[in-house]
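Everything numeric here is computed off the predicted structure, so don't read it as measured data. Here is the naming used below: chain letters follow the sequence lines, and residue numbers restart at 1 for every chain.
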Amino acid sequence: MNRREFAAGALLALALRPAAGLATPEDQAAAIRAFTGGVVPREGRVELDIPPLVENGNVVPLKVTVASPMTTADHVTAIALFNEKNPQPQVVTARFGPRAGRAELATHMRLATSQFITAVAAMSDGSFWSTRQEVIVTLAACIES
Amino acid sequence: MKWLLLLVSVAAAEPRSGALDMSRELQAMQADDSANPGMLWVQEGEALFHRAEGRAQKACADCHAGLAGVATRYPAWDEATAAPIDLAGRIQQCRAERQQAAPLARESEPLLALAAFVTRQSRGLPLAPPEDPRLAPALARGEALFRQRRGQLNLSCAQCHEERAGLRLGSALIPEGQANGYPQYRLEWQALGSLQRRLRNCMVGVRATAPAFGAAEYTEIELFLARRGAGLAVEAPAVRP
Amino acid sequence: MARVLLNLPRSAARGAVIEIRTLIMHPMESGFRPGTNGTILPRDIITRFTCDYDGEVVFQAELSSAIAANPFISFTTVATESGTLSFTWEGDDDFRQTETRAITVT
Amino acid sequence: MLSSARWWLALALLATPAWAEGDAARGRAIVTTRQKGLCLLCHSGPFPEERFQGNLAPSLAGAGRRWDAAALRARLTDSQGLNPDSIMPSYGVANSLRDVAPAFRGKPILTEAEIEDVVAFLLTLTADE
């Protein structure tokens with residue numbers, strides 16, 4: 001991994017930053033429609049464990065768990081995670097089969113700013129389920145470069 | 001006045017690890033070796049530690065077996081240079097003299113990895129800086145540097161990390177600035193970094209000039225921080241925001 | 001080769017659900033961040049992670065720029081037979097790395 | 001100890017009557033930005049849209065009732081000239097600082113005109129929280 005360049009003249013405070021434009025809640029909704037093929041997911045069955053308040057949006061731990069027997073006849077086929085205000089609405093899409101045993105996914109994501117995160121599960125019966133959580137990203141006071 | 005009362009209530013007697021003021025989730029990330037990204041460097045350091053290097057074709061492991069506790073005793077007095085030396089400096093020195101290998105730069109990935117691997121072996125042990133009288137002048141200089149106002153914002157380390165630890169700078173809780181987690185995975189960096197890098201961060205933050213990595217001033221401040229945090233358990237590789 | 005940390009049991013009872021935790025060292029340069037000279041740094045991310053169990057895909061994830069540097073991915077699989085689990089990360093600039101681990105199922 | 005030059009500066013600031021009129025709207029922008037004014041890193045104030053305000057220093061609410069323009073100007077320009085132990089930067093002072101990074105050397109944090117903008121804004125903060 002390359003070492004990050006040290007830039008002189010850093011400020012005590014800078015807002016969290018992507019230079020390019022951010023996605024919008026509409027972008028998130030469109031990305032979810034693309035994932036579900038236009039079906040509106042139902043509330044429930046999906047649990048999204050993500051801290052409500054994060055000290056730094058660069059690394060935000062999260063875990064998605066879906067209630068499913070994970071049998072050949074009845075299992076989760078995919079879990080997708082969407083954000084509202086990062087540069088792009090997609091976060092991760094994980095594909096599952098019955099051999100996963102449990103419908104669980106944990107990862108570390110980035111959050112450009114405070115926003116709602118939505119987790120959507122696709123089931124083998126063609127149904128979609130979802131949940132969402134608000135995450136507040138505090139502004140870092142001391143950043144490098 | 002509310003804010004004055006806060007100032008009084010944060011005066012700390014025992015050193016307090018910054019980990020205690022992190023969210024539950026970041027504490028869990030630090031504690032879980034399978035999720036703590038700093039462990040990637042520890043693993044790399046282990047491989048480097050066992051690799052024969054330099055004209056001497058010696059590995060660190062050829063001379064050093066158990067390293068538990070070693071990192072708690074740095075910075076230490078270095079006879080050869082008659083000056084204090086920190087752990088990364090000692091690794092650099094060992095590499096040059098015993099392995100006769102090409103130098104590793106400060107903050108280079110291999111040096112961070114080796115320091116992380118060595119320091120990891122002291123995890124949970126208390127910082128126990130040496131009571132060496134020869135260190136006293138450098139220790140005093142380190143404390144003076146800690147208390148020296150500097151930069152366009154004209155702030156000293158002590159004004160935030162001693163006098164106002166526990167208060168909030170914007171949303172960020174000001175930690176005591178303890179040294180027990182380094183090298184540490186700072187989320188802001190998205191990488192592992194040394195205490196010197198963190199010190200440099202603060203200097204740049206108050207819009208001051210920062211000495212080059214490896215400068216004596218850093219070792220002096222490190223010496224003071226080790227003394228000030230004596231007894232705190234080593235957490236390296238710590239995770240911090 | 002990027003450094004990889006894999007955490008999974010070496011052995012498991014047949015039918016047990018095992019947890020697999022993976023970390024790989026990668027900057028996940030988002031493609032949205034300006035470099036020191038002000039121009040946007042080109043995207044360099046891992047785009048796909050796949051876990052095969054004796055050649056059959058048991059888990060796959062498509063990653064975006066919103067995944068943190070040094071990606072952490074954790075998931076589960078059923079211990080079916082003694083065999084080999086292989087983990088492959090693929091990404092920009094033809095990044096591709098595979099690690100394997102044997103598992104004994106009793 | 002205050003240098004005598006800073007003491008005279010502080011006195012002069014309190015005494016000098018003629019200043020260009022500041023712009024309160026620009027002043028508000030300076031106070032709330034975390035890149036330039038940095039005020040909300042330490043102070044809180046009546047800024048409902050600003051989520052994360054510091055608690056190192058008193059609230060700015062009511063500042064316009066507690067102090068007049070001259071007093072605000074003096075505090076902003078050289079807080080440490082009035083109280084050497086203050087951690088509030090002397091926004092109008094560029095010399096007498098130590099080890100300033102090259103990009104900021106010889107420059108005050110805010111210009112005189114920017115300080116006037118902030119003074120004009122703080123004078124509008126007459127209500128308590």
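Residue L97(D) comes nearest to N154(B) through the heavy atom pair CD2-CG, 3.6 Å, listed as atom of the first residue, atom of the second, then distance. Considering every non-hydrogen atom in both Q80(D) and R149(B), the closest pair reads NE2-NH2, 2.7 Å. Scanning all heavy atoms of the two residues, the minimum distance from K107(D) to Q152(B) falls at O-NE2, 2.9 Å. Heavy atoms only, all atoms of each residue included: V100(D) and T209(B) are closest at O-CG2, 3.5 Å. Across every non-hydrogen atom of Q35(D) and R207(B), the tightest pair is O-NH2, 3.4 Å.
Listed options P102(D), S86(D), A94(D), C42(D) were ranked by heavy-atom pairs under 4.5 angstrom with chain B; first place goes to S86(D).
Rounding to the nearest 0.5 angstrom, the gap separating the CZ atom in R98(D) from the OG atom in S156(B) is 11.5 Å. Separation of atoms CG (L38(D)) and CG (L153(B)) is listed at 6.0 Å; rounding is to 0.5 Å.
The part of L40(D) that comes within reach of chain B is its backbone (N, CA, C, O), which places non-hydrogen atoms under 4.5 angstrom from that chain. Looking at R51(D), there are no atoms closer than 4.5 Å to chain B (heavy atoms on both sides), in backbone or side chain.
Using a 4.5 Å cut-off on side-chain heavy atoms (C-beta onward), D99(D) and M203(B) make no contact.
A donor-acceptor contact shorter than 3.5 Å links the side chain of N55(D) to the backbone of R168(B).
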